Each structure stands twice: as structure tokens, then as C-alpha cells.
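The model shown is predicted, which means the values in this text are computed figures rather than measured ones. Atoms within each ligand, like the ligands themselves, are counted from 1 in listed order. Values below: every heavy atom of this structure, side chains too, minus hydrogens, waters and symmetry copies.
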Amino acid sequence: MQTKIEKISPTSLQWAKELIEKGDVVGIPTETVYGLGGNAFNDDAVKKIFEVKGRPNDNPLIAHIHRDYDLTKIIDYDPPYAKKLREAFLPGPLTLVYPSTGKVSPYVSCGLNTLAVRVPSHEGAQAFLRLVDIPIVAPSANLSKHVSPTSANHVYDDFAGKIPLILDGGNSTGGIESTVCDVTGDYPVILRPGLITKEMIEKVCGICEVYTPNFDSGEKVKSPGVLYKHYSPRCQTYLFGFDEIDGALWKAEILKKESLKVGILCENGVKTEFEKAGFLVFDLGTTEREMATNLYGQLRLAEKLVDALIAVEPKKQDGVMTGVMNRLKKACLSTDVPRKG
Ligand code: TXA
Ligand code: MG
């Protein structure tokens with residue numbers, strides 16, 4: 001199969017719609033990362049998404065809708081605080097997990113009685129969702145375990161020959177996946193940190209908890225995605241704390257002596273230390289938003305250019321950086337480096 005990258009236009013959107021209607025999957029841009037979209041009502045389309053990604057079949061998908069889609073078609077209960085969250089943050093990088101009506105394919109939520117719903121703010125995504133006018137399930141458009149994609153070319157790198165079309169809506173500006181927040185209980189509970197932070201949700205709802213799975217208790221994990229290795233570049237990775245620059249330099253020198261090409265991933269403020277020592281630096285930027293935007297692009301660039309990547313944690317770790325650190329840790333601490341499938 002030939003995979004085409006097409007800029008968003010009336011013609012490419014129409015083609016995407018036709019593909020979706022016949023059960024195909026299509027690469028789509030969003031403001032966070034690119035997604036691999038399919039018709040949420042079509043069992044075969046949903047199964048195809050799991051297949052083409054190599055995604056474990058107990059990790060549920062997010063349904064994406066346009067801003068005027070009638071939520072009551074797909075969700076069963078809508079607590080008043082969820083309405084407040086929608087008014088404050090949507091369209092935008094916040095996914096809400098509601099009790100489901102069970103109308104979408106049972107494969108979407110992998111047997112859970114809830115449904116994760118997201119209204120992306122990306123204009124191209126909105127235009128596409130409005131044209132198809134059905135919920136589109138879309139995981140991040142990367143092979144399972146690999147780094148999430150923030151450009152159409154990233155999607156191409158993982159899925160060339162496997163999907164017919166990637167809609168190109170430019171680089172994703174958000175850079176890390178949406179905050180996933182459970183709204184099935186009395187108050188919001190964050191299942192995956194992202195650009196909409198705990199503090200921002202607290203301001204709107206008065207209270208917000210963060211779910212931390214207890215792997216030892218035998219309890220069923222609320223958001224199965226947290227169990228899996230994720231976001232890993234295809235090179236060796238090491239992670240050092242923000243106050244361990246000497247340790248990072250020491251490790252980099254050792255790896256260099258082993259004839260490995262070594263790169264450093266760090267925030268802008270500390271990069272000269274590494275440049276002076278002659279290492280290739282992958283610069284995350286300065287502000288928390290910049291670091292979120294740049295993280296995946298730099299990980300994907302690094303895997304192409306170096307054998308070993310030493311990441312140094314940025315100093316700021318709260319707010320948006322909670323989400324960035326969550327991804328960075330998973331990327332660097334994964335031991336099984338994914339190979340191209
Ligand atoms: O920004 C995003 O959310 C991107 C773009 C494409 O929209 N999508 C994305 O999808 O990151 P994915 O499939 O890579 O991650 C979905 C996360 C997983 O951690 C999954 O376990 C969780 O959402 N999730 C989905 N449905 C759920 C549900 N019903 N209950 C709890 N967690 C759910
Ligand atoms: Mg993902």
C-alpha cells in the first residue's frame with residue numbers, strides 16, 4: 001500500500017472521509033500529537049487500529065469529536081463539574097473519561113464501561129471531525145512503545161506502507177498527549193498528566209486528585225496505558241537528575257570511549273557544559289511549554305543521529321513539567337528498545 005501525506009484541504013478531507021466510511025484508518029493532526037483515526041462505531045476499523053499499531057488489546061482508545069457533537073449519544077452520565085471543565089478547557093488538550101452508553105464499538109474501551117472523549121482544538125482536526133460527524137477513535141500515531149509523533153513525517157516513519165493517508169496539519173504545538181481525567185466519580189481524578197494541569201483543574205472544580213496505580217495490590221488499573229512502556233527512542237537511553245551534570249558528563253565520556261556516538265538531551269540553560277565537552281546536544285528549550293513542544297521531536301531526531309542518548313532532567317518539574325517528566329522517564333527508563341516493525 002502506498003502512503004500519501006496530504007496537506008489539509010477540502011479535497012484531502014473528502015478523501016479522508018471516504019476512507020473512514022469504508023473502515024480504513026487515517027493519520028490525523030491534533031494540537032497535542034498526531035493520531036491514527038478510525039470510525040468508533042466500526043468494529044473492524046477499531047481492530048485495525050490495534051493491529052497496525054501493535055497495541056496491547058487491553059489499552060482503551062480515546063474518541064475524538066467536533067465541538068458541536070451531541071455528547072449524549074455516547075456518554076451516559078455527565079456530572080456538573082465535567083460541564084465546568086468543558087467550558088474552561090475545551091476544545092483543547094483535556095480528555096474526559098465518562099460512563100459510556102455502550103453505543104461505540106466494544107473494542108474501543110476494551111471491556112471497560114467508560115469512554116474517554118476528547119475535543120481537539122486543532123483547526124484541521126475540527127474540520128475533519130465535523131465533516132465525518134462521527135466519533136473518531138485515535139491513539140497517538142506511533143508504533144506501540146515508540147515515541148509519539150508531532151509531525152506528519154513522524155507518522156510516515158512508523159506507518160509507511162501500512163495506512164493509505166496522513167493528513168498534514170503542520171507540527172503539533174502542544175507536544176505531549178492530552179491530560180486524561182476521570183469524571184465518573186464525585187470529583188475529577190487525573191489518570192495521565194498533560195498540558196491541563198492539576199492546578200488548573202483545581203481552580204475550576206475546587207478539587208482534583210491524581211491517580212497512582214498500586215501495582216502490588218492486585219487492584220484493576222484504572223487507565224491501562226500507565227502499565228505499558230512508552231515513548232522510547234530506538235537508541236540506548238540514560239536519565240540523570242538536574243543536579244547530576246557531572247555524572248552525565250562522566251557517563252557520556254565512558255560511552256564515547258566505547259566508540260558510541262553520544263547525544264545529550266537537556267534544557268537550554270545547561271547545554272553549553274555539554275557542547276564545550278564536544279557532545280551533540282538536543283535542546284529541549286527554556287519554558288515548560290517549549291519543553292513539552294520539543295520533547296518528542298528531539299527524541300525522534302536523536303534516535304536517527306546517535307547510538308546513546310543521555311537525558312538530563314530539567315530543573316522545573318511541576319505544572320506542565322509533571323507531564324513532560326512522566327514521558328521523559330518512561331522514554332529513558334524503558335529497557336526494551338522498540339525496533340521498527
Ligand atoms: O493527546 C492525545 O490524547 C492523543 C491525540 C491523538 O488525541 N491521543 C492519545 O491516545 O494519546 P493514546 O491511545 O496514545 O492514549 C490514550 C490514553 C491511554 O493511557 C489509555 O489507557 C487512556 O487514555 N484511556 C483511554 N480510554 C480510557 C478509559 N475508558 N478509561 C481510562 N483510561 C482510558
Ligand atoms: Mg500513545
Which atoms of ligand 1 are found less than 4.0 Å from any heavy atom of [X]?
| X | value |
| --- | --- |
| Ala116 | 25 (C), 26 (N), 27 (C), 29 (N) |
| Pro139 | 10 (O), 12 (P), 13 (O) |
| Val180 | 23 (O) |
| Arg118 | 1 (O), 2 (C), 3 (O), 5 (C), 7 (O) |
| Ala138 | 6 (C), 8 (N), 10 (O) |
| Leu191 | 31 (C), 32 (N) |
| Thr114 | 28 (C), 29 (N), 30 (N) |
| Asn59 | 18 (C), 20 (C), 21 (O) |

Less than 6.0 Å separating the ring centroids of Tyr296 and Tyr231? yes

Which option out of Lys53, Arg192, Arg55 puts a heavy atom nearest to atom 11 (O) of ligand 1?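 Answer by nearest heavy atom: Arg192.
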
Between ligand 1 and [X], is the shortest N or O to N or O distance under 3.5 Å?
| X | value |
| --- | --- |
| Ser178 | yes |
| Tyr34 | no |
| His64 | yes |
| Glu177 | no |

Sequence neighbours left out, cut at 3.5 Å: what donor-acceptor pairs do the side chains of residues 103-110 make with other protein atoms?
residue	atom	partner	partner atom	Å
Ser105	OG	Asp43	OD1	2.7
Ser105	OG	Tyr107	N	3.1
Ser109	OG	Thr114	O	2.6

Atoms of the protein (N/O/S only) found under 2.8 Å from the Mg ion (ligand 2): Ser140 OG

For the pair [X] and [Y], find out whether any cationic side-chain nitrogen is under 4.0 Å from an anionic carboxylate oxygen.
| X | Y | value |
| --- | --- | --- |
| Lys198 | Glu202 | yes |
| Lys261 | Asp307 | no |
| Lys53 | Asp158 | no |
| Lys257 | Glu253 | no |
| Arg118 | Glu31 | yes |
| Glu18 | Lys22 | no |

Check whether the side chains of Arg300 and Ser151 place a donor and an acceptor atom closer than 3.5 Å, and report yes or no.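 The answer is no; no qualifying pair exists.
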
Please report the shortest heavy-atom distance between Ser172 and Thr293, naming the atom on each side.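 Nearest heavy atoms, Ser172 then Thr293: O-CG2, 4.1 Å.
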
Partners passing side chain to side chain contact (heavy atoms under 4.5 Å, CB included) against Pro99 (at least two apart in sequence or in another chain): Asp76, Tyr77, Thr184

Which residue pairs pass the side chain to side chain donor-acceptor pair (under 3.5 Å) test when at least one of the two sits in residues 308-321, sequence neighbours left out?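 Matches after skipping sequence neighbours: Glu288-Lys316, Glu313-Gln317, Lys316-Asp318.
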
